[in-house]
There are 2 protein chains.
Amino acid sequence: MTFTQTNTNPVPEYRDEHLSIDFENGVVKVDSATATFTRKQYELLRMLVEHAGQVIPRETLLQNVWGYSTEIRTRTLDVHLSHLRKKLAPYGDRYIERVFRVGCRFQPGREVARSAVQ
Amino acid sequence: MTFTQTNTNPVPEYRDEHLSIDFENGVVKVDSATATFTRKQYELLRMLVEHAGQVIPRETLLQNVWGYSTEIRTRTLDVHLSHLRKKLAPYGDRYIERVFRVGCRFQPGREVARSAVQ
DNA sequence: GGATGGAGTAAAGAAGTTGTAAAACCGCCG
DNA sequence: CGGCGGTTTTACAACTTCTTTACTCCATCC
């Protein structure tokens, strides 16, 4: 069920000059080195990337990735975001932007020529 | 959706720098030393290799190799994977990747130049 | 500036999953 | 029957993931 499609923008992949994500096979690469993510981390990342450029409220993330109601107060999301940033090093902070008291936003990098695909 | 496209087609053989499998005759070689597999082991290996690069859920493997319904809880698959890894030594862990709580994936090695042969 | 609450993150704990050796099982054949 | 190879189960150790905790630092507001 991890790999079933539930979201709004089912693009099969994301790619910029540093980061590439193959949503079909669940393969993420940072500067062409494969990075591995746990399920929750991956879900979170996908959620963010599929809404690239948009601010996503914490509540929305908690609901969509965790299924939590909006009442629950937990630090889990923060911890996961932290892990995500770390695994996207050294670009973590650049990609995952904090929006104070609201949530966060995936800030996409420069698009890359698709012809260069190996 | 895991089984959409890419490698789903039965090729008559697999070959990379360490491992070669002749599906026609059921001959497997690791670093040019012949390795023998039992029937189930071989079926499992073929299943994995034919879907190289794709994550295959445990359920799917159990259904396709064992004919089990998706309800059954058994460790047989794990034991077989273990045997497979051992027989693919020292590359077992490299080839057969675990995807936590989902299943596993055959991670193909570098392709070997076939052009020189033909 | 100081207070207040939000966010980053290391570390610890809990729960569940997987690796694997060894034992049990099972069908086959001499 | 008894051994044999293949397969499955069992049992336990090791490992993963997820969550909570605890502290620190940061943003905002007065």
Side-chain angles (χ1 to χ4, degrees), chain A residues 1-2 26 28 35-48 55-107, chain B residues 26 28 35-48 55-107:
Chain A
M1 66 48 133
T2 313
V28 181
T36 65
F37 292 83
T38 71
R39 194 137 59 138
K40 281 262 157 64
Q41 287 167 5
Y42 182 76
E43 289 301 307
L44 182 53
L45 178 61
R46 185 172 67 179
M47 182 95 195
L48 290 167
V55 176
I56 311 183
R58 306 174 69 88
E59 289 186 355
T60 306
L61 292 169
L62 281 171
Q63 272 187 81
N64 281 274
V65 178
W66 277 266
Y68 287 178
S69 75
T70 57
E71 290 303 311
I72 297 181
R73 152 185 152 284
T74 176
R75 304 300 315 281
T76 304
L77 173 57
D78 302 286
V79 174
H80 275 264
L81 284 172
S82 176
H83 292 335
L84 229 51
R85 289 202 179 92
K86 193 182 283 183
K87 288 191 178 176
L88 295 180
Y91 315 107
D93 295 328
R94 179 145 109 214
Y95 282 123
I96 300 178
E97 179 191 356
R98 163 182 62 191
V99 181
F100 194 78
R101 272 169 71 68
V102 179
C104 55
R105 165 164 48 190
F106 180 83
Q107 207 59 271
Chain B
V28 181
T36 65
F37 291 83
T38 69
R39 182 167 218 82
K40 281 263 158 61
Q41 286 167 6
Y42 182 74
E43 289 302 306
L44 182 53
L45 178 60
R46 186 171 65 183
M47 182 95 194
L48 290 169
V55 176
I56 311 183
R58 306 175 71 88
E59 289 187 354
T60 305
L61 292 169
L62 281 170
Q63 272 188 83
N64 283 274
V65 178
W66 278 267
Y68 286 178
S69 77
T70 57
E71 289 305 311
I72 297 181
R73 151 185 151 285
T74 176
R75 304 300 315 281
T76 305
L77 172 57
D78 301 286
V79 174
H80 275 263
L81 284 173
S82 177
H83 292 336
L84 229 51
R85 289 202 180 93
K86 194 181 283 183
K87 289 193 177 175
L88 294 179
Y91 314 108
D93 294 327
R94 190 187 316 180
Y95 281 124
I96 301 179
E97 179 192 357
R98 161 183 62 196
V99 180
F100 196 81
R101 263 166 73 66
V102 179
C104 55
R105 164 163 47 191
F106 180 83
Q107 205 61 271

Trainee: Name the residue closer to the 5' end of DNA chain D, choosing between B/Phe100 and B/Arg39 according to the nucleotide with the nearest heavy atom.
Mentor: B/Arg39

Trainee: So for B/Arg98 and C/dG19, does any side-chain atom that can act as donor or acceptor lie under 3.5 Å from a complementary atom in the base?
Mentor: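 In this structure, the two groups form no donor-acceptor pair.
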
Trainee: Nearest 0.5 Å please: distance from the CE atom of A/Met47 over to the CG atom of A/Asn64.
Mentor: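 Those atoms lie 3.5 Å apart.
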
Trainee: Could you tell me the separation between the CZ atom of B/Arg58 and the C1' atom of C/dG19, rounded to a whole number of Å?
Mentor: 11 Å

Trainee: Indicate the atoms forming the closest heavy-atom contact of B/Gln107 with B/Arg94, along with that distance.
Mentor: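 Between these two residues, the closest heavy atoms are CB-O, 3.5 Å.
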
Trainee: First locate atom CG of B/Leu45, then atom CZ of B/Arg85, and finally report the distance between them rounded to the nearest 0.5 Å.
Mentor: 12.0 Å

Trainee: Expressed as a whole number of angstroms, how long is the span from A/Lys87:NZ to D/dT16:P?
Mentor: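 Roughly 11 Å, once rounded to whole Å.
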
Trainee: Return the value, rounded to whole Å, for the distance between atom CH2 of B/Trp66 and atom P of D/dT8.
Mentor: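 Those two atoms, CH2 and P, are 7 Å apart.
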
Trainee: Drop me the distance from B/Trp66's CH2 to B/Lys40's NZ, to the nearest 0.5 angstrom.
Mentor: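 Here the rounded value is 7.0 Å.
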
Trainee: Expressed as a whole number of angstroms, how long is the span from A/Lys86:NZ to D/dC18:C1'?
Mentor: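 Rounded to whole Å, this separation is 15 Å.
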
Trainee: Provide, to the nearest angstrom, the distance between the CG atom belonging to A/Leu84 and the P atom belonging to C/dT9.
Mentor: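 So the two atoms are 12 Å apart, to the nearest Å.
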
Trainee: Could you pick out which residue, B/Gly103 or B/His83, lies toward the 5' side of DNA chain C when each is mapped onto its nearest nucleotide?
Mentor: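 Nearest nucleotide further toward 5': that of B/Gly103.
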
Trainee: Can you check whether A/Ser82 has a side-chain N or O nearer than 4.0 Å to OP1 or OP2 of C/dG8?
Mentor: no

Trainee: Taking only side-chain N and O atoms of A/Thr74, does any of them lie within less than 4.0 angstrom of OP1 or OP2 on D/dT20?
Mentor: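 So the side chain of A/Thr74 is within the cut-off, an N or O lying under 4.0 Å from OP1 or OP2 of D/dT20.
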
Trainee: Can you tell me if A/Arg85 touches the phosphate of C/dG8, counting only side-chain N or O atoms and a distance under 4.0 Å to OP1 or OP2?
Mentor: yes

Trainee: Expressed in angstrom and rounded to an integer, what is the separation of B/Arg75 atom CZ from C/dC25 atom C1'?
Mentor: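 It is 18 Å, rounded to the nearest whole Å.
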
Trainee: Check the distance between C/dG6's P and A/Leu77's CG and give it to me in whole angstrom.
Mentor: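 So the two atoms are 14 Å apart, to the nearest Å.
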
Trainee: For the atom pair OG1 (A/Thr38) and NE2 (A/His80), what is the distance rounded to the nearest 0.5 Å?
Mentor: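 So the gap between those two atoms works out to 6.0 Å.
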
Trainee: By nearest nucleotide on DNA chain D, pick out whichever of B/His80 and A/Thr38 is the more 5' one.
Mentor: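 Nearest nucleotide further toward 5': that of B/His80.
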
Trainee: Grab the CG-P distance between A/Leu44 and D/dT19 for me, whole Å please.
Mentor: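 Answer to the nearest Å: 11 Å.
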
